[in-house]
Amino acid sequence: MSTLIKNGRIITAEQDYTADVYIEKESIITIGSNLKIAADDIIDAKGKYVIPGGIDVHTHLDMPFGGTTSCDDFETGTRAAAFGGTTCIVDFATQSKGSRMRNALDTWWKKAEGKATIDYGLHMIITDLPEAHLEDMSDMVREGVTSFKLFMAYPNVLMADDATIFRAMRHTAKTGALVCMHAENGGVIDVIVRQALAEGKTAPIYHALTRPTTAEAEAVNRSIALAEMAGAPVYIVHLSSNDALEKVAEARDKGLPVYAETCPQYLFLSLDDMNKPGFEDAKVVFTPPLREKWNHDKLWAGLKKNTLQVVSTDHCPFCFKEQKELGKHDFTKIPNGGPGIEHRLQLLFDGGVRQGRISLNRWVELTSTTPAKMFGLYPKKGTIAIGSDADIVIWDPEKDYTISVKTHHMAVDYSMFEGRKVKGNIDTVFSRGEKIIQNDKFFGKAGRGNFVKRDTYAGAWK
Ligand code: URP
Ligand code: ZN
Ligand code: ZN
């Protein structure tokens with residue numbers, strides 16, 4: 001199969017020019033002006049952008065959490081991702097306490113098998129790291145699982161103590177892998193939460209009010225100190241507040257290899273969105289929680305100045321009915337997480353590029369190129385270049401779209417951005433040269449997505 005995309009405006013992290021792109025089988029073969037090559041399919045992309053497919057390095061598909069399981073599996077989740085222009089994800093396999101990482105990896109491969117519609121990589125969530133099993137981390141790196149998430153929150157469930165985090169970091173310093181940190185002081189939050197419950201404060205808003213930004217900033221600071229002592233890099237996931245951002249900025253000013261991502265929910269939603277009647281606010285219960293609105297401008301500035309390098313989604317969807325409702329009488333029982341895999345590119349384009357907050361190149365860099373570099377996928381993915389995978393999105397900058405549960409493809413019964421109107425959306429999506437979406441129709445097949453063995457951070461991010 002061959003495809004010629006003609007007259008598109010090619011946007012990468014560094015470049016912006018008009019050219020034709022010729023794809024054969026799974027790869028980009030030639031880029032040039034006025035290419036005269038016969039192809040099975042010729043698409044005129046005049047007036048449209050040709051961008052590398054989005055890479056979402058923070059998703060939780062089919063993940064057991066909070067007494068239930070996230071409601072998108074690898075089929076529905078990756079299909080929804082593709083509808084939003086994302087052609088590769090890195091999902092989180094979770095090690096069960098008392099079990100080995102290898103078991104978690106096998107379990108997550110099975111979850112994805114026959115289902116993934118786009119390529120996917122895996123991080124490993126470490127919940128248990130006895131000295132005798134430290135080499136399991138090397139085993140994972142050999143399998144292409146080159147990043148590890150540890151939690152400083154959720155005591156007795158997922159939380160790792162400082163010694164465990166330090167040992168994991170020291171190990172990544174040897175292998176070149178990367179620790180991804182959920183940075184919130186779980187012990188302190190637990191005390192505040194128990195007090196709130198004792199005072200009868202059980203509504204969803206108390207999820208947000210019991211998790212202060214200082215608890216996030218303290219943990220970010222501590223994880224940076226642990227990484228510095230270990231001689232390792234650290235990547236802070238889902239950074240939500242200016243207090244935490246300042247800690248990252250300080251560390252980067254010192255020249256430390258400290259990186260951070262934020263997510264659309266922290267750029268577009270705030271505590272002001274937690275004022276709905278009844279139990280509705282449970283729809284935006286995730287961790288870290290929504291913050292005061294003034295943080296938005298600070299996070300946008302962080303994206304512009306490269307204090308933040310990546311925008312991911314932390315897609316972790318739970319249906320309002322029956323799943324979020326588990327916490328109807330106690331906010332601590334609301335499964336934490338929100339749906340977002342489908343709308344990252346549209347929100348960032350409309351709210352970022354069109355509002356003049358970030359450039360077109362920066363949009364591509366934040367949503368595709370840097371995630372690819374940081375997580376060992378580049379240059380196979382994350383750019384439009386000869387020899388790269390033909391993971392390509394033809395983007396229509398003028399297409400109007402209203403985000404809604406009525407039209408989205410995620411298997412969740414609500415949208416966090418219900419009714420939000422955006423300009424700019426996908427036109428056509430290619431995954432490894434295969435046209436998987438055109439005219440709002442999906443042509444991909446469940447199971448066509450491959451597991452991607454990733455390079456290490458040290459090997460890829462030079
Ligand atoms: O609330 C969230 N973010 N749920 C997913 C798990 C995590 O901490 O990323
Ligand atoms: Zn987390
Ligand atoms: Zn997450």
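Counting starts at 1 for both ligands and their atoms, following the listed order.
- Near His182, meaning under 4.0 Å from any of its heavy atoms, are these atoms of ligand 1: 8 (O).
- The contact set between ligand 1 and Phe286, taken as ligand atoms under 4.0 Å from a residue heavy atom, comprises 1 (O).
- Residue Lys149 has at least one heavy-atom neighbour below 4.0 Å for each of these atoms of ligand 1: 7 (C), 8 (O), 9 (O).
- Contacts of His207 with ligand 1, taken as heavy-atom pairs under 4.0 Å, are absent altogether.
- Ion pairing between a basic and an acidic side chain is recognised when a charged N comes within 4.0 Å of a carboxylate O; Asp119 and Lys381 show such pairing.
- Looking at Arg344, its side chain does come within 3.5 Å of a backbone N or O of Thr367 through a donor-acceptor pair.
- Heavy atoms of Phe151 found under 4.0 angstrom from ligand 1 belong exclusively to the side chain.
- Counting heavy atoms closer than 4.0 Å to ligand 1, residue Asp314 contributes side-chain atoms (C-beta onward) but none from N, CA, C or O.
- Judged by distance alone, the side chain of Arg432 and the main-chain N or O of Arg448 form a donor-acceptor pair under 3.5 Å.
- Draw a line from the Zn ion (ligand 2) to ND1 of His182 and another to NZ of Lys149, and the angle between them is 130° (to 10°).
- Ionic pairing of Lys276 and Asp281 is not present here: no N-O contact between side-chain nitrogen and carboxylate oxygen is shorter than 4.0 angstrom.
- Salt-bridge annotation for Glu113 and Lys110: absent, with no side-chain N of the basic residue lying under 4.0 Å from a carboxylate O of the acidic one.
- The side-chain tip of Lys324 does not point at the ring of Phe318 from less than 6.0 angstrom away and within 45° of straight on.
- Regarding atom 4 (N) of ligand 1, its nearest protein heavy-atom neighbour is Asn336 O, 3.1 Å.
- For ligand 1, the atoms lying closer than 4.0 Å to a non-hydrogen atom of Gly337 are 1 (O), 2 (C), 4 (N).
- Scanning both residues, Ala82 and Ile118, for their nearest heavy atoms gives CB-CG2, 4.2 Å.
- Closest approach between the Zn ion (ligand 3) and any N/O/S atom of Asp314 involves OD1.
- Between Glu250 and Lys254 there is no salt bridge, since no side-chain nitrogen of the basic residue lies less than 4.0 Å from a carboxylate oxygen of the acidic one.
- For ligand 1, the atoms sitting less than 4.0 Å from at least one non-hydrogen atom of His60 are 5 (C), 6 (C), 7 (C), 9 (O), numbered in the order shown with element in parentheses.
- Set against the non-hydrogen atoms of Thr287, the atoms of ligand 1 under 4.0 Å away are 1 (O), 2 (C), 3 (N).
- Checking His58 against the Zn ion (ligand 3), an N/O/S atom falls under the 2.8 Å cut-off.
- In this structure, Lys111 fails the cation-pi test against Phe74, since its NZ or CZ atom is not both closer than 6.0 Å to the six-membered ring centre and inside 45 degrees of the ring normal.
- Counting atoms of ligand 1 from 1 in the listed order, those under 4.0 Å from a heavy atom of His58 are 9 (O).
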